[in-house]
Amino acid sequence: YLAWLIPWGKPVTLLGATAEDIARAQRELVRVGIERPAAAAAGPDPAAWVPAGQRLRSNGVAGFGELAGVFTTARTGMTLLDVRRDSERAQAHIPGSVHIPVHQLPQRTAEVPRGIVWVHCTSGIRAAIAASFLDAVGREVVVVDDAFDSAAGAGLAVARTAAA
């Protein structure tokens, strides 16, 4: 997703638990045209990667079960953002969610309603990417790191097309 989502030429920093992780990531980036990272850091403690005087940032992480409790009882002040592709959304979606595919989000962050944003995709990977974009513009984000197939079982309404 990196080569697809960031502007060409934007500096990239690689972070990993080991030097081997960094080397493996760099090989993958070369395959998509990103020749050399601007910086890299390796080590088992992510807090050590943060420059002095700054703090490590992170987002909340939850599953569809936690989302069901919040989305059905306290919808005020929160948005559920679906970052899946249009074709995925057409097959099934959670009514009341806002849909902006992850590849469009960098240009459309201003369209995300104010308040806490719970963001989901099919498995959590694109949701984590979207959370990074939203965090960069100062939004409070919770990543739904769960399989979309479990949403209905968690108690959320899921609208499906006849073909799905």
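Note that the coordinates shown come from a computational prediction; the quantities given were computed from them, not determined experimentally.
Among all heavy-atom pairs drawn from Ala157 and Pro95, the shortest one is O-CD, 3.3 Å. Here the closest non-hydrogen pair linking Ser123 and Asp145 is O-OD1, 3.4 Å. Scanning all heavy atoms of the two residues, the minimum distance from Ala19 to Ala42 falls at N-CB, 3.8 Å. Residue Ala127 comes nearest to Cys121 through the heavy atom pair N-SG, 3.4 Å, listed as atom of the first residue, atom of the second, then distance. Between Arg139 and Gly115, the closest heavy-atom pair is NH2-O, 3.0 Å. Closest approach of Ala131 to Asn59, counting heavy atoms only: CB-ND2, 3.6 Å.
For Glu28, the CD atom sits in a packed shell: over 12 heavy atoms of surrounding residues, nucleotides or ligands are nearer than 6.0 Å. Atom CD1 of Ile125 has 12 or fewer heavy atoms from other residues, nucleotides or ligands within 6.0 Å.
Clustering ILVMFWY residues whenever any of their side-chain heavy atoms sit less than 4.5 angstrom apart, transitively, puts Val102 in the very cluster that holds Leu81. In terms of hydrophobic clustering, with Ile, Leu, Val, Met, Phe, Trp and Tyr side chains grouped at heavy-atom distances under 4.5 Å, Leu105 and Trp4 are assigned to a common cluster. Ile6 and Ile129 sit in two unconnected hydrophobic clusters of ILVMFWY residues. Membership requires side-chain heavy atoms under 4.5 Å apart, directly or through other members. The cluster map of Ile, Leu, Val, Met, Phe, Trp and Tyr, joined by side-chain heavy atoms under 4.5 Å apart, puts Phe133 and Val112 in the same cluster. Taken together through direct or relayed side-chain contacts under 4.5 Å among Ile, Leu, Val, Met, Phe, Trp and Tyr, Leu5 and Val141 form part of one hydrophobic cluster.
Between the Glu111 side chain and the Arg108 main chain, no donor and acceptor come within less than 3.5 Å of each other. Remark: the backbone N or O of Ala17 is paired with a side-chain donor or acceptor of Asp21 at under 3.5 angstrom. Between the side chain of His99 and the backbone N or O of Arg84 there is at least one donor-acceptor pair closer than 3.5 Å.
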**OP:** Given side-chain contact (heavy atoms from CB on, under 4.5 Å), test Val12 with Leu29 step by step and report yes or no.
**Re:** CA-CA 10 Å; Val12 173; Leu29 290 176; 4.2 Å; yes

Subject >> side-chain contact (heavy atoms from CB on, under 4.5 Å) evaluation trace for Met78 with Val70 >> reply: CA-CA 9 Å; Met78 67 90 64; Val70 174; 4.0 Å; yes

**OP:** Begin with the C-alpha distance, continue with both residues' side-chain angles, and end with the deciding distance and a verdict on side-chain contact (heavy atoms from CB on, under 4.5 Å) for Trp118 and Val143.
**Re:** CA-CA 6 Å; Trp118 287 63; Val143 176; over 6 Å; no

Subject >> Intermediate values then yes/no, side-chain contact (heavy atoms from CB on, under 4.5 Å), Val142 and Val119 >> reply: CA-CA 6 Å; Val142 177; Val119 60; over 6 Å; no

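For the atom pair CZ of Phe71 and OG1 of Thr79, the computed distance is 8.5 Å after rounding to the nearest 0.5 Å. Note: Ile94 CD1 to Leu156 CG = 5.0 Å, rounded to the nearest 0.5 Å. Atom CD1 of Ile116 and atom CG of Leu80 lie 13.0 Å apart (nearest 0.5 Å). Note that CG of Asp149 is 8.0 Å distant from OG1 of Thr122, once rounded to the nearest 0.5 Å. Taken from CD in Gln91 to CG in Asp86, the straight-line distance is 11.5 Å, to the nearest 0.5 Å.
With respect to the salt-bridge test (charged N to carboxylate O, under 4.0 angstrom), the residues Glu88 and Arg126 qualify.
In this pair, His120 and Phe64 present their aromatic rings perpendicular. The plane angle is above 60°, beyond the 30 to 60° band.
By the 4.5 Å heavy-atom criterion applied to side chains, Asp82 and Phe148 are not counted as neighbours. The closest side-chain heavy-atom distance from Val98 to Pro113 is below 4.5 Å. Pro101 places none of its side-chain heavy atoms less than 4.5 Å from the side chain of Val83.
Ring pair His103/Tyr1: centre-to-centre distance not below 6.0 Å.
In the model, Ser97 has a side-chain atom that pairs as donor or acceptor with a side-chain atom of Arg89 under 3.5 Å.
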